[in-house]
Amino acid sequence: MELLIDIVLLAILGIIAVAILWTRHLFVATMLSGAYSLTSAALLVALDAVDVAFTEAAVGAGISTVLMLGTLTLTRRREKATNRRVSIGPLLLVIVTGALLIYGTVDMPAFGDPNAPALLHVVPEYLAGTRDDIQIPNIVTAILASYRGFDTLGETAVIFTAGVGVLLLLGRRREEDEEAGTRRPEREA
Amino acid sequence: MLELILAKYNYWIVIVLMMAGLYVVVARGNLVKKIIGLNVFQTSVFLLYISMGKVAGGTAPILTGKDEVFSNPIPHVLILTAIVVGIATTALGLALVVRIREAYSTIEEDEIDEAESLDMTADLAERRR
Amino acid sequence: MNPSFLLAATLLLPLIGTLFIALTGSRANLREAVTLVTAGLLAVIVYSLLQDVLAGARPAATLVEVVPGLPLALEIEPLGMLFACIASGLWIVNSLYSIGYMRGNHEHKQTRFYMCFAIAIASAMGIAFAGNMFTLFIFYEVLTLSTYPLVAHKETAEARQGARIYLGLLIGTSIGFQMVAIIWTWLAAGTLDFAAGGILRGKVDPAVLPFLLALYMFGIGKAALMPFHRWLPSAMVAPTPVSALLHAVAVVKAGVFTVLKVVVYVFGVDLLAETGASQWLIGVASFTLIAASLVAMTKDNLKARLAYSTISQLSYIVLGAALATSYGVLGGALHIATHALGKITLFMCAGAIYVATHKTEISEMDGLGRRMPFTYGAFLVGALSIIGLPPLAGVWSKWYLAMGAVETGLWAVVAVYMISSLLNVAYLIPVVARGFFKPSAEPVPQSVGAAAAPAAGGLQEAPLLCVLPPCLTAAGCVVLFFYADAVVALLRPLVQ
Amino acid sequence: MRHHLVLRVVSKLLIPFIILYGLYVQFHGDFSPGGGFQAGVIVAAAIILYALIFGTERAKQVFKPQALMVLAPVGVMIFALVGYYAMAMGGAYLDYDWLAGDDTTGQHIGIITVEFGVGLTVTAVMTLIFLAYAGRTHEIDDDDW
Amino acid sequence: MSTLSAALPHLPILQVVVPLISAPICFLLQRAGLAWAFSTLVSWLAFATSVMLLRAVMADGTIHYEIGGWAAPWGIEYVIDAANAIVLVIVSGIGAAVSSYAPRSVLAEIPASQRGLYYTAYLLCLAGLLGVTITGDAFNVFVFLEITSLSSYVLVAAGAGLDRRALTAAYNYLVMGTVGATFFVIGVGLLYMVTGTLNIADLHERVPPLLDNRTVHVAFAFIVVGLGLKLALFPLHTWLPNAYTYAPSTGTAFLAATSTKVSVYVLLRFLFGVFAPTSGLMALTMDYVLLPLAVIGMMAATVAAIYQYNLKRLLAYSSVAQLGYMVLGFAYGSVDGLTAAVLHLFNHALMKGALFLALGCVMLRVGDVTMHGVRGLGRQMPWTMAAFVAGGLSLIGVPLTVGFISKWYLVGAALEDGRWWIAALILASSLLAVIYVWKVVEAAYLREPPAGRTVREAPLSMLVPTWILVLANIWFGVDAELTVSVARTAAMGLLGVAP
């Protein structure tokens, strides 16, 4: 059953990805990208990553879609037609990269392997520590906020940085920027 | 053979998805499309990470008191962080797109290149004056 | 005073002078006074050190340790002492001359000129007294850079082009070859200190010694070994005082001086003699020597002719070093001194002619000798010294060089020296001959030079400050003939 | 979209619940999926919904950009200050054990506080970003789609 | 005083979290003047901290700091040894110089409403760079790398007030930077998959036995390519020239002198601190992929620099070439090579910092940093141009400058290794550098200024920091004992060789 869900969801993702590649309508692509995130979220649930699924749904399907739509109203809806032919260079690059990754999977632990090295090293301590020391049920939260809390501080700083950047870029009225774009630095006499 | 496929199929499909995203980033000239490509690429990487944490027959890593088999929580934590980084990048990228559109009246790479080479000639002409 | 302090002072003094020249830049007289005072003081210090060295002392000073094992260190040994004496002594004469020339020609940016000149002298001192190859290399580069503005002084397209070639070749060879050679030496020998008998014995496979030597010899672009000689004619776009002091004395002599240092203190004469690593160099130097003389004959521009003559003369010294015999080295070292005196005289005369008449081509100088007897007289003395006729100093160095060739039994080299001397006659004497014996092309000479006035008797000399210095150096050629012994005595420890 | 009565009524009803849900996710993150980040996004989504339905100008009156611009850095500072506080108490940076007398309580306090900081920053930044985009253009009309 | 001594054991974390918490404070300050004063103060504090850390490391060896009190590998730890201590010093030192220099330049180049945000982004960038450098955790590298990257995009985009091309430059930088970061994350994920740890020291124990594992090979490839994108390793450098050209002067100076250096350091750390390839496929990759790329990049970028008209772009291409030197140094895989790489990392930051700051002065007064703009500036702005020439000489590698020390060690390492052709190419490239530096020198000193242009020398507030860096170029060129010994300790630490 798990396997079936897994495969169906992956297939849907594949179809969406191809559709994104194919469509020339940016609005459609944006919506498809949202759908992609939502389907991913479903798959993440199937993979036991409920926290991540939750976030991916909220961010990928929610906020980032809204931002893209906002961008589209400010720019335009359609991609230029000429850009659609298959370009050899990028294709080659992608094939090589993909082949490399697949080559790397050969020595990977099998999917779902309960004895994968990653499960044996640090994880057991986290499980025990969360149960005994921190005493909260959600292990992900325990790691996120305490064991690896510093990463999360960094993550908050990343979000803050994005806010600073967007404010710097879009914080002012458009006319001010247009006026500014043409000037040279004021020469101090 | 079947065993190999069963053991790795998830990774392989995810890798193909990743590459589809990367292809959009590299090959497409539309700036919004590139960002969408980046999103697909990154989302697929998230899937790869989470896939490697999956334990067959495991459950979500939330303690319920029973002795259960949990999937590996570390990739979940890492990917939570990565998602945040991803949305931050997307927001900033899109803000740049908006400004580029305002400055160049286009979001197609080739048209921007054209405009920039015009800029270059204008610069030179100004200095000749 | 403490010799180490004096040693450091030889470097610092010109630099302090530079500072004061910059500060007094707006008042020309004061500025020139600073230059002269600095030059005078420097000469005093150098000569007081000379006494110590003659007495057998070897003052040393370490300025700073750049990297462990690689200090910026100064140490005096006879060869360097000789070079320092020449450079500092002639700086005084040249400063006088510069004042006459620069004012006579109304050159622009004179402050920059004097500043760069002083820095160049400081670096020449650094080269002379360098205690190891690393220090020498550093000052070698500083000398290149500080003379660049002097070469480009006129700021015309031609000057920029000439200066580009100058800088390109000198920096190119020094970084491209010399630095590699130095690093290689350092890796092999573990030290770069100059030591009697060399530091490479047993450290480098004799089979690759010629290659290492080649890196050094071509890396020392200032020695103008063909095919890296082009910078020297290019540098002739500079004002003549620059050509006179730097491109007849300080810069080029820094080159051949480095060649001698490398041969004597890095490789060791014996090592070269034993392994024959310098055999190839004899050929290259001989070729340069003859070829440059031949080219010199074809040049109508006086400074260009002198430049090629310099290239040829530098190869005398390189050839002497390549012979790897004590006479060869001694002769080479002596030639640094004798050629310096001779060539600076010639250049200063060329400059005096330019100031007085604005003529640069030999074919236009017919009959000038009668109107500029002092200038032409000095020129004749300098030329004869370079040709190597007694009673002028040039004869001694050629004598020792030839002795070196005889010592090794290389009669072909002796022949090269002889032929070259004949060629010297062929390209130098016509200049004087045309000046004295050909009728002047223009019947009524109009004065162009500032102080020149067609006085009674048809005299039309350049300003006094332009004429006096070459006469002084010409006299020096005579004096050195009689006192060559003292120089040889100074150099003696070099070959013992 | 101001003329869509149904939308307006429904969303007016929904928005408080969305925010409430956000708060639940925020403070229940220890026990169930969720935490500061998810909560922040949800609350921001509610505000964005409000802005879409009632217009950015009105949204700006309710959720003042000036206030958001204070909240965004304050969230980061709350997180960082927890670290400093632990340090001042004698522990390592972000060592929650030192926040209270007993380690477990300290951990709980620490986790809840930092998650709150994260939530604050995320809400504020997401809303600010949206408002910045929206402030760049005229109101979004139906015809635009 | 007692608070100070109490803070001492916490210096490693304070190094990062002080700038990090200062960014939101700076954001709240709003007013540009205040934001500047505050960010400058913080930069100097960070500099002081890093100097203290370097001294402590050189005296007592590696320092560990466990964040959150969780022991590694469960928590995130900070590990400071000579290799990253020197990078910390250079990052915070350049930060201090650039931020002291900033106010006049920012006033002229950045619109009023953006100045406070600009300083905030700068502080975030500083915190990010320091965090990347100091951390001992592979994923933490990613998080702070992204703080750095996002704030760098912002710093570049802030140049849009002068030239719209800053926007596209920032966009391209963003796309390539994100791809790079994602590649890095893939690599780290693969490593995690086969080892179960994210701690670099722990990885160092667990990876080497797996050197034949194909997953590790792929992880290696992805990490190298990902970081290669970030550090602008040829041919992944295409984002760099435009980003450096159109960013504001202060942004360019800071980024050029620090951000790619930090990426180089991270690559160094991963290559030697995690994979430690002495043989096998990865060692071959270093020899036959990394080394040739570095050499080609060095030559190609130098040649490209010669043809540039815009001086910022010229220096940007020169940076790509210089990055080639650094990669070369560590591609040898020897102590000497690594010493040279670390040394050049430090020295190059000083050179580029000085050069870009000098250009900032030109931008302020002339508003044009092209060959045309600097014409005749030798007399009109003597101090600025003298600083530029000094930096240029350092770039060429003239003795008594840091560039010479770098070149000395790079060539020495190549010769020691018996790689003659590489030594020859390094020298050839530095000779080509003479050409592009001299084009500027000729324009500034041997040509007349454009008719009717009169400009004054740059203000002291900008000249002083510029000259501090110039003097540092000379100081560490004359007395390289400190830098060389630190670099050597760093190299031996990275290679795990006992001193």
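Residue numbers begin at 1 in each chain, while the letters A, B, ... track the order of the sequences. Keep in mind that the numbers below use all heavy atoms, side chains included, and drop hydrogens, waters and symmetry copies.
- Annotation: the span from E/Arg115 atom CZ to A/Leu168 atom CG amounts to 12.0 Å, rounded to 0.5 Å.
- For A/Val166, no part lies under 4.5 angstrom from a heavy atom of chain E.
- Neither the backbone nor the side chain of E/Leu210 comes within contact range of chain A, judged by heavy atoms closer than 4.5 Å.
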Report task. Just do the side-chain contact (heavy atoms from CB on, under 4.5 Å) check on E/Leu198 and A/Val122 with the steps written out, would you? Result -> CA-CA 9 Å; E/Leu198 292 165; A/Val122 176; over 6 Å; no

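- Within residues 144-153 of chain A, the residues having any heavy atom closer than 4.5 Å to a heavy atom of chain E are A/Ser146, A/Tyr147, A/Arg148, A/Phe150, A/Asp151, A/Leu153, listed by residue number.
- Among E/Gly69, E/Pro24, E/Ala121, E/Ala157, the residue making the largest number of heavy-atom pairs under 4.5 Å with chain A is E/Pro24.
- Of residues 97-109 of chain A, those residues with a non-hydrogen atom less than 4.5 Å from any non-hydrogen atom of chain E are, in numerical order, A/Thr97, A/Leu100, A/Leu101, A/Tyr103, A/Gly104, A/Val106, A/Asp107, A/Met108, A/Pro109.
- Side chains of A/Pro117 and E/Arg206 form no contact here, defined as non-hydrogen atoms less than 4.5 Å apart.
- For a residue to count as touching a neighbouring chain, one of its non-hydrogen atoms must lie under 4.5 Å from one of that chain's; by this rule E/Ile186 touches chain A with the side chain only.
- The part of E/Ala221 that comes within reach of chain A is its side chain, from C-beta onward, which places non-hydrogen atoms under 4.5 angstrom from that chain.
- Close approach to chain E, defined as a heavy atom under 4.5 Å from one of its heavy atoms, is seen in no residue of residues 46-60 of chain A.
- With respect to chain A, the highest number of heavy-atom pairs below 4.5 Å among E/Phe142, E/Tyr78, E/Phe183 belongs to E/Tyr78.
- Here E/Asp137 is the residue among E/Leu20, E/Asp137, E/Val17, E/Thr120 with the most heavy-atom pairs under 4.5 Å with chain A.
- Within residues 155-165 of chain A, the residues having any heavy atom closer than 4.5 Å to a heavy atom of chain E are A/Glu155, A/Ala157, A/Val158, A/Phe160, A/Thr161, A/Val164, A/Gly165, listed by residue number.
- For a residue to count as touching a neighbouring chain, one of its non-hydrogen atoms must lie under 4.5 Å from one of that chain's; by this rule E/Tyr153 does not touch chain A.
- Using a 4.5 Å cut-off between heavy atoms, E/Asp202 touches chain A through its side chain atoms alone.
- Heavy atoms closer than 4.5 Å to chain A are found in the side chain of E/Leu190, but not in its backbone.
- Only the side chain of E/Phe27 comes within contact range of chain A, with heavy atoms under 4.5 Å apart.
- Looking at E/Thr197, the atoms closer than 4.5 Å to chain A (heavy atoms on both sides) sit in the backbone and in the side chain alike.
- The choice from E/Val154, E/Leu150, E/Leu167, E/Asn140 that makes the most heavy-atom pairs within less than 4.5 Å of chain A is E/Asn140.
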